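Working notes for the structure below.
Predicted model only: the values in this text are computed from it and were never measured.
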Amino acid sequence: MRQHRLRTLATAALLLLGLIAPARAEDQDTSQRIQEEIWALPTPLPMFAYLVRPLGDGPFPLVIMNHGVSLNARDRSFFPLVEFRDAAMWFARRGYLVVAPVGTGYGAAAIDIPERGLYGPFFSKIGKCTNPNFLDAGLAVAQVDLWIIDYMAAEKRTLPKDVIVVGQSAGGWAAIALSSLNPPQVKAIITFAAGRGGRVDGKPNNNCGPDRLVEATGMFGHTSRVPMLWFYIENDTFFGPALSKRMHEAFTRAGGRAEYHLLPPFGDEGHFLIGSPDSIPTWSPLVERFLDKVR
């Protein structure tokens, strides 16, 4: 019964979002043909996921892509199924099966149960800026990644020890948190503009407890040993260069392994670089070089 409800919800999401399973026509002329799908994942916290993969049954290496969070309920209701579709397809064309889970309080899946939802207190809230809890918010979404890794491996769709996790903003923060657990399946982690508590009250470069964020980053670094690639952008008004450099210094000083790149300004707001197809020529050569080193 539960599986039937999930399949029904996934079908409804397809109809509502108008997403077509095969990749767009302009994406067909590539080295590897790919296919887009919507899945309803029966994890302990059921959720929708955008999935793009090479044609065939696999198993494939897995990429999980974590999106950020929004404090605005209206913005969450208009949240796209995937923030970084072109980036996801870039990985799929290189042989990866990509899963981008959608938080339960977002878009067509905007059924936020306060006690359990990805926008609920356990998953997204960091508390008051006077005493923010950055650690638990990151670790909670890291647990979602572990559920997805286990589920996809059990389905025989993915290779059990060939996983890459990619995250943007709060999703990148969750990826840093995941690195502190050193899951044996994860061979590399890539983050774009990772952090929590940016732009308090909508004001640029107004961070919620920046010193606490740096401290929490260092705490994750104490146990993190997964190779990581961190991207920040010069005109990011959520986590600017001064703050991101402090985070990286704290992380690596504590023992974490993270290659840091500060990319040049992008558009009007660098924080959302990963969501633009125009950014792929900027970051993809660095990603390819990094992945070659961790193979």
Side-chain angles (χ1 to χ4, degrees), residues 49-53 60-69 82-101 138 141-142 144-146 148-149 152 158-159 161-196 217 220-221 224-233 236 238-239 244-245 247-248 251-252 256-264 266 270-295:
Y50 167 84
L51 188 146
V52 58
R53 61 180 177 84
F60 305 104
L62 172 65
V63 170
I64 298 175
M65 301 187 79
N66 295 326
H67 67 70
V69 302
V82 63
E83 284 189 293
F84 18 67
R85 185 184 181 204
D86 291 277
M89 288 196 281
W90 182 88
F91 280 100
R93 285 194 291 266
R94 281 150 184 82
Y96 294 93
L97 184 155
V98 182
V99 176
V141 182
V144 173
D145 290 341
L146 294 175
I148 293 171
I149 291 169
M152 297 304 295
T158 59
L159 299 170
K161 293 190 177 181
D162 200 352
V163 179
I164 298 168
V165 176
V166 180
Q168 188 267 345
S169 192
W173 180 249
I176 294 174
L178 178 69
S179 80
S180 73
L181 305 176
N182 296 301
Q185 307 97 318
V186 177
K187 71 175 186 180
I189 291 174
I190 303 168
T191 68
F192 291 82
R196 287 303 310 261
T217 310
F220 284 143
S224 172
R225 297 298 180 266
V226 180
M228 301 188 73
L229 178 64
W230 291 13
F231 290 113
Y232 288 92
I233 306 88
D236 183 342
F238 289 73
F239 309 106
S244 66
K245 289 176 182 177
M247 293 168 64
H248 180 255
F251 187 79
T252 54
R257 302 169 58 191
E259 178 182 324
Y260 175 96
H261 290 273
L262 183 63
L263 301 180
F266 185 83
H271 189 69
F272 303 107
L273 170 138
I274 185 62
S276 171
D278 295 335
S279 73
I280 292 177
T282 299
W283 57 259
S284 61
L286 296 169
V287 168
E288 288 182 319
R289 188 179 70 186
F290 170 71
L291 294 179
D292 284 342
K293 290 190 297 186
V294 300
R295 289 190 194 283

Original post:
What residues, two or more places apart in sequence or in another chain, satisfy side-chain contact (heavy atoms from CB on, under 4.5 Å) together with T158?
Top reply: L62, L97, M152, A153
Original post:
With sequence neighbours excluded, what pairs up with D292 under the side-chain contact (heavy atoms from CB on, under 4.5 Å) test?
Top reply: R295
Original post:
Considering residues at least two apart in sequence or located in another chain, which fulfil the side-chain hydrogen bond (donor to acceptor under 3.5 Å, both in side chains) criterion with S244?
Top reply: Y260
Original post:
Does S224 have any side-chain hydrogen bond (donor to acceptor under 3.5 Å, both in side chains) partners at least two apart in sequence or in another chain, and if so, which?
Top reply: S179
Subject >> Residues which pass salt bridge (charged side-chain N to carboxylate O under 4.0 Å, His left out) with E259, listed by chain and number, not counting sequence neighbours >> reply: R289, K293
With sequence neighbours excluded, give me every salt bridge (charged side-chain N to carboxylate O under 4.0 Å, His left out) pair touching [range].
{"range": "residues 166-180", "result": "none"}
{"range": "residues 164-177", "result": "none"}
{"range": "residues 167-188", "result": "D162-K187"}

Between [X] and [Y], is any pair of side-chain heavy atoms under 4.5 Å apart?
{"X": "L291", "Y": "Y96", "answer": "yes"}
{"X": "I164", "Y": "V294", "answer": "no"}
{"X": "Y232", "Y": "M247", "answer": "yes"}
{"X": "L146", "Y": "L181", "answer": "yes"}
{"X": "L273", "Y": "F231", "answer": "no"}

**OP:** Identify the heavy atoms of A175 and I189 that sit nearest to each other, and give their distance.
**Re:** O-CD1, 3.4 Å
Output all residues satisfying ring pair (Phe, Tyr, Trp, His ring centres under 6.0 Å) with [X], sequence neighbours left out; order by chain, then residue number.
{"X": "F220", "value": "W173"}
{"X": "W90", "value": "W283"}
{"X": "F60", "value": "none"}

Subject >> Ring center gap for F238 and F272 short of 6.0 angstrom >> reply: yes
Nearest 0.5 Å please: distance from the [atom1] atom of [X] over to the [atom2] atom of [Y].
{"X": "K245", "Y": "W230", "atom1": "NZ", "atom2": "CH2", "result": "14.0 Å"}
{"X": "I190", "Y": "I274", "atom1": "CD1", "atom2": "CD1", "result": "9.0 Å"}
{"X": "F266", "Y": "I233", "atom1": "CZ", "atom2": "CD1", "result": "9.0 Å"}

**OP:** Determine, stepwise, if the pair F192 / F239 fulfils ring-ring contact (aromatic ring centres under 6.0 Å, His included).
**Re:** CA-CA 10 Å; F192 291 82; F239 309 106; over 10 Å; no
Any donor-acceptor pair under 3.5 Å from [X] side chain to [Y] backbone:
{"X": "Q185", "Y": "L159", "result": "no"}
{"X": "R257", "Y": "R225", "result": "yes"}
{"X": "H248", "Y": "A258", "result": "yes"}

Original post:
After noting the C-alpha distance and the side-chain angles of R85 and V52, does the key distance pass the side chain to side chain contact (heavy atoms under 4.5 Å, CB included) rule?
Top reply: CA-CA 9 Å; R85 185 184 181 204; V52 58; over 6 Å; no
Subject >> side chain to side chain contact (heavy atoms under 4.5 Å, CB included) assessment of D145 paired with V186 >> reply: CA-CA 10 Å; D145 290 341; V186 177; over 6 Å; no
